[in-house]
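Comments concern the structure below.
Owing to the predicted nature of the structure, the values given are computational and were not obtained by experimental measurement. Sequence lines set the chain letters: A, B, ... in the order given, protein chains first and strands last, and positions in each chain run from 1.
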Amino acid sequence: MSPRVRFAPSPTGVLHIGSVRTALFNWLYARHNGGKFLLRIEDTDKVRSTEQNTKLIFEILEWLGIDWDEEPVIQSTRLVRHREVAEAMVKDGRAYRCCCSQEELAAKKEKALSEGKPYKYDGTCRDKNIVDAQSVIRLKSKLDGNTTVIDLVQGAVTVENAQLDDFVLLRSDGTPTYMLSVVVDDHDMGITHIIRGDDHLTNTFKQVQIYEACGWTVPSFAHIPLIYGPDGAKLSKRHGAASAVDYRELGYLPETISNYLLRLGWSHGDDEIISRDEAIEWFDLRNIGRSPSRFDMKKLQNLNSHYIRQRDNASLLSYVLPLLKKQIGEIEEKRILRGMDGLKTRAKTVVELAEAAAVYIAAPTHYDDACSKYVTDVHISLLRDVVSVLDQIGDSVTEEQVAQSIKELAEKRGVKLIEIAQAMRVALCGRLVSPSVFQIIEIIGTNETVSRINSFISCSVYPGSCS
RNA sequence: GUCUCCUUCGUCUAGGGGUCUAGGACACCGCCCUUUCACGGCGGCAACACGGGUUCAAAUCCCGUAGGAGACGCCA
């Protein structure tokens with residue numbers, strides 16, 4: 001039978017980057033094995049769930065190229081079914097109604113805590129046969145013996161049933177708890193393999209008891225380790241960015257995110273750059289490591305620069321355009337496209353790419369402090385010579401022609417080329433880092449170059465007066 | 001506190017008894033290329049948590065210890 005897996009996020013917060021990895025692993029498992037990848041929105045917490053978060057889940061998955069089969073299941077629409085299963089379990093004697101008040105339970109819990117004992121529901125109502133519809137429904141869990149789960153990632157994990165208590169299946173308001181709803185939905189959706197974060201490992205034992213109480217086939221489990229921040233604690237906002245949406249906004253490409261997330265905690269020999277097709281072909285749960293891994297922003301950046309270099313210029317342009325501060329014309333667009341080869345080897349994110357593309361749009365409006373090193377009388381005088389040289393050649397020149405002329409000038413003036421090039425860079429871009437100045441001139445033309453240099457000279461007589 | 005899981009360079013990892021004086025990648029440091037910064041090339045630094053076993057032989061198997069994480073809700 002071909003596997004059916006699911007990704008079941010809850011729209012109570014922004015989509016965590018760790019959840020995205022869970023989604024990716026499920027998706028790869030399905031695609032590798034020719035199975036189905038399903039989606040279920042766990043929105044039973046009506047107070048915290050939002051429409052916006054749900055929308056973003058779909059949006060990010062699409063952005064990453066993680067497509068799903070069948071219509072997504074909205075958990076909140078299945079309330080009646082959840083209730084029905086709980087009632088049936090009561091009828092079968094596998095669960096029971098409990099009328100202990102939350103105050104009573106809180107007091108017992110506090111007492112246990114103060115005595116240093118682990119808290120468990122004590123089963124007060126277990127044999128009472130309560131009929132009150134306002135009561136909760138608890139599972140009559142096993143009191144002795146062990147439950148063993150053969151986890152596809154963690155191996156065999158055994159827990160004594162005595163560790164578990166009669167946990168709640170249905171709340172007093174008639175809504176299901178997470179434990180009940182996941183099991184019922186996974187069963188009804190025909191899920192064969194549950195691949196999820198290992199923070200659910202201990203829940204698994206409770207869920208297995210529900211499966212058994214209902215007489216349903218227990219699916220296979222694979223609990224993948226969580227992602228931590230650089231300090232070893234759970235990855236959160238505190239570390240800069242924890243949401244998938246954040247990474248998109250920071251200028252990371254979808255293929256970077258997929259590749260990075262896949263490689264984090266999973267490996268295929270020494271391979272680092274892994275295409276989508278290779279990932280599908282190679283993916284195997286057995287290669288998932290059992291230890292948690294830390295998120296490394298530097299490695300993510302490195303991968304992103306790789307994928308930026310791999311991208312064709314037109315697609316990069318489409319990423320850059322919306323990031324530019326203002327609307328630009330066709331001429332500027334063409335310039336950026338021509339300059340893209342020079343820009344893309346220097347950018348770690350598409351945000352940086354957009355910033356660097358500014359050279360092709362207009363003269364700088366701001367000059368970095370470090371530029372002052374190249375704003376001396378000597379440099380200004382060199383720039384005047386550059387203007388005279390450029391004035392003698394037409395507007396349309398090649399990179400090589402400009403380079404040749406400037407090299408000759410450097411020789412004539414007896415200075416190193418770098419002195420002239422850096423002064424030109426400052427005048428043209430307002431910064432010390434940019435693509436080749438000669439290439440910039442080829443793209444913007446000598447007329448604009450001369451005009452930028454002249455306006456720079458005229459206001460740089462007193463360095464700093466122009467910023 | 002109880003239960004469960006984890007532990008190879010700073011980070012991600014390869015490794016499944018001898019081929020390990022432990023390999024790759026990122027980061028870092030040099031050098032080369034070079035108009036800047038990148039890219040690219042070459043080189044360097046750097047790890048089997050600790051203690052006991054088992055074995056002719058252990059990073060690899062077993063048991064402890066320490067450290068880390070997760071779960072213990074009428075949240076998901």
Side-chain angles (χ1 to χ4, degrees), chain A residues 8-13 42-45 47-49 75 98 100 102 105-106 109 112-113 115-121 135-138 151 153-155 157-160 162-165 167-173 175-179 181-182 197-206 223 225-226 228 230 232-234 260 263-273 289-303 305-306 309 342-348 356 374 403 406-407 410 416-426 429 431-438:
Chain A
S10 135
T12 51
E42 307 215 322
D43 60 341
T44 49
D45 185 341
V47 182
R48 295 192 299 148
S49 298
Q75 192 163 57
C98 161
C100 294
Q102 298 203 43
L105 295 174
K109 192 169 182 180
L113 213 69
E115 286 170 3
K117 282 191 266 185
Y119 170 75
K120 264 178 63 177
Y121 173 65
S135 57
V136 302
I137 292 179
R138 288 180 183 273
D151 191 279
V153 170
Q154 307 289 340
V157 184
T158 302
V159 163
E160 291 175 23
Q163 292 294 331
L164 308 176
D165 66 353
F167 57 93
V168 175
L169 298 172
L170 201 72
R171 300 185 191 109
S172 50
D173 65 359
T175 60
T177 60
Y178 165 76
M179 283 318 157
S181 50
V182 233
D198 74 3
D199 48 340
H200 286 292
L201 184 58
T202 45
N203 286 336
T204 306
F205 299 93
K206 294 181 176 178
H223 287 93
L226 264 21
Y228 296 91
K234 228 175 171 176
Y260 181 75
R263 193 58 192 70
L264 194 63
W266 177 88
S267 62
H268 182 266
D270 286 340
D271 294 305
E272 295 286 345
I273 305 294
R290 269 182 297 196
S291 56
S293 35
R294 300 183 184 203
F295 199 87
D296 183 3
M297 199 62 98
K298 286 280 180 62
K299 190 153 183 170
L300 182 72
Q301 281 178 351
N302 177 276
L303 254 189
S305 3
H306 170 85
R309 275 176 263 134
L343 295 169
K344 71 182 184 183
T345 56
R346 294 170 170 80
K348 289 196 282 287
Y374 294 97
I406 300 299
K407 277 175 188 163
K416 286 188 173 169
L417 181 58
I418 184 174
E419 299 298 328
I420 303 181
Q422 284 298 69
M424 290 168 72
R425 197 181 312 280
V426 170
C429 333
R431 48 205 286 193
L432 293 183
V433 171
S434 82
S436 155
V437 286
F438 307 134

Let me spell it out: for each of A:Tyr119 and A:Thr12, pick the nucleotide of RNA chain B with the closest heavy atom. Which residue's pick is nearer the 5' end? A:Tyr119

Would you please confirm or rule out a distance under 4.0 Å between OP1 or OP2 of B:A76 and any side-chain N or O of A:Thr44? yes

Is the charged tip of A:Arg425 near the ring of A:Tyr374: under 6.0 Å from the six-membered ring centre and within 45° of its axis? no

Counting the atoms with a prime plus P, OP1 and OP2 as sugar-phosphate, which does A:Ser293 contact under 4.0 Å by heavy atoms, base, sugar-phosphate, or nothing? sugar-phosphate

Checking B:C26, B:G23, B:C5 against the side chain of A:Asp270 (C-beta onward), the nearest is B:G23

A:Arg263 side chain: which of B:C74, B:C12, B:C26 is closest? B:C12

Determine which nucleotide pairs with B:C28, using a 3.5 Å limit on both distances of a Watson-Crick or G-U wobble pair. B:G44

Using the P atom as the reference point in each nucleotide, state the distance between B:C62 and B:G24 in Å, no decimals. 29 Å

Closest to the side chain of A:Asp296, out of B:U11, B:U35, B:C6, is B:U11

Quick one: look up who B:C20 pairs with, Watson-Crick or G-U, both distances under 3.5 Å, and put none if it's unpaired. none

Just checking A:Pro225: base, sugar-phosphate only, or nothing, at a heavy-atom cut-off of under 4.0 Å? nothing

Who pairs with B:G67 - Watson-Crick or G-U, where each distance is under 3.5 Å: B:C6

How far does the C1' atom of B:U8 sit from the matching atom of B:C50, given to the nearest Å? 15 Å

For A:Val136, answer base if it contacts any base atom (sugar-phosphate contacts may also be present), sugar-phosphate if it contacts only those atoms, and nothing otherwise; contact means non-hydrogen atoms under 4.0 Å. base

Tell me what A:Arg309 touches on the nucleic acid: a base, only sugar-phosphate, or nothing, going by heavy atoms under 4.0 Å. sugar-phosphate

Less than 4.0 angstrom between a side-chain N/O of A:Asn203 and OP1 or OP2 of B:A76, yes or no? no

A:Val433 has a side chain; which of B:C74, B:U35, B:C37 sits nearest to it? B:C37

Would you mind classifying the nucleic acid contact of A:Ile418 as base, sugar-phosphate or nothing, using non-hydrogen atoms under 4.0 angstrom? sugar-phosphate

Any idea which of B:U4, B:G70, B:U35 is nearest the A:Asp199 side chain? B:G70

What integer number of Å spans the P atoms of B:A38 and B:C31? 14 Å

To the side chain of A:Ser436, which of B:C6, B:U36, B:C74 is closest? B:U36

On RNA chain B, more 5' by nearest nucleotide between A:Gly269 and A:Arg48 is A:Gly269

Among B:G24, B:C74, B:U7, which is the nearest nucleotide to the side chain of A:Lys299? B:G24

Do A:Ser172 side-chain and B:C74 base share a donor-acceptor contact under 3.5 Å? yes

Could you tell me whether the phosphate oxygens of B:C6, OP1 or OP2, come under 4.0 Å of any side-chain nitrogen or oxygen in A:Arg290? yes

Checking base pairs now: Watson-Crick or wobble, both atom distances under 3.5 Å. What partners B:G1? B:C72

When all nucleic acid strands are considered with a 4.0 Å heavy-atom cut-off, which category describes A:Thr158: base, sugar-phosphate, or nothing? sugar-phosphate

Both distances below 3.5 Å, Watson-Crick or wobble geometry, any strand: find the nucleotide opposite B:C37. none

Using a 4.0 Å heavy-atom cut-off, does A:Gln102 contact any base of the nucleic acid, only the sugar-phosphate backbone, or nothing at all? base

Strictly below 4.0 Å: does A:Lys109 bring a side-chain N or O up to OP1 or OP2 of B:G73? yes

Measure distances between side-chain N and O atoms of A:Arg425 and base N and O atoms of B:U35, and say whether any donor-acceptor pair falls under 3.5 Å. yes

Taking the side chain of A:Gln75 as heavy atoms from C-beta outward, which of B:U13, B:A76, B:C39 is closest to it? B:A76

Gap between atoms CG and P, on A:Leu343 and B:C39 respectively (whole Å): 15 Å

Can you figure out which of B:A71, B:A25, B:U4 approaches the side chain of A:Glu272 most closely? B:A25

For the side chain of A:Arg346 and the base of B:C37, is some donor closer than 3.5 Å to an acceptor across the two? yes

Side-chain donor/acceptor contact of A:Thr202 with base of B:U4 under 3.5 Å: no

Using OP1 and OP2 only, check whether a side-chain N or O of A:Ser267 sits under 4.0 Å from B:C12. no

Contact class for A:Cys100 (heavy atom, under 4.0 Å): base, sugar-phosphate, or nothing? base

Would you say A:Arg309's side chain and A:Thr345's backbone share a donor-acceptor pair under 3.5 angstrom? no

Provide the distance between the two C1' atoms, one in B:G68 and one in B:A27, to the nearest whole Å. 23 Å

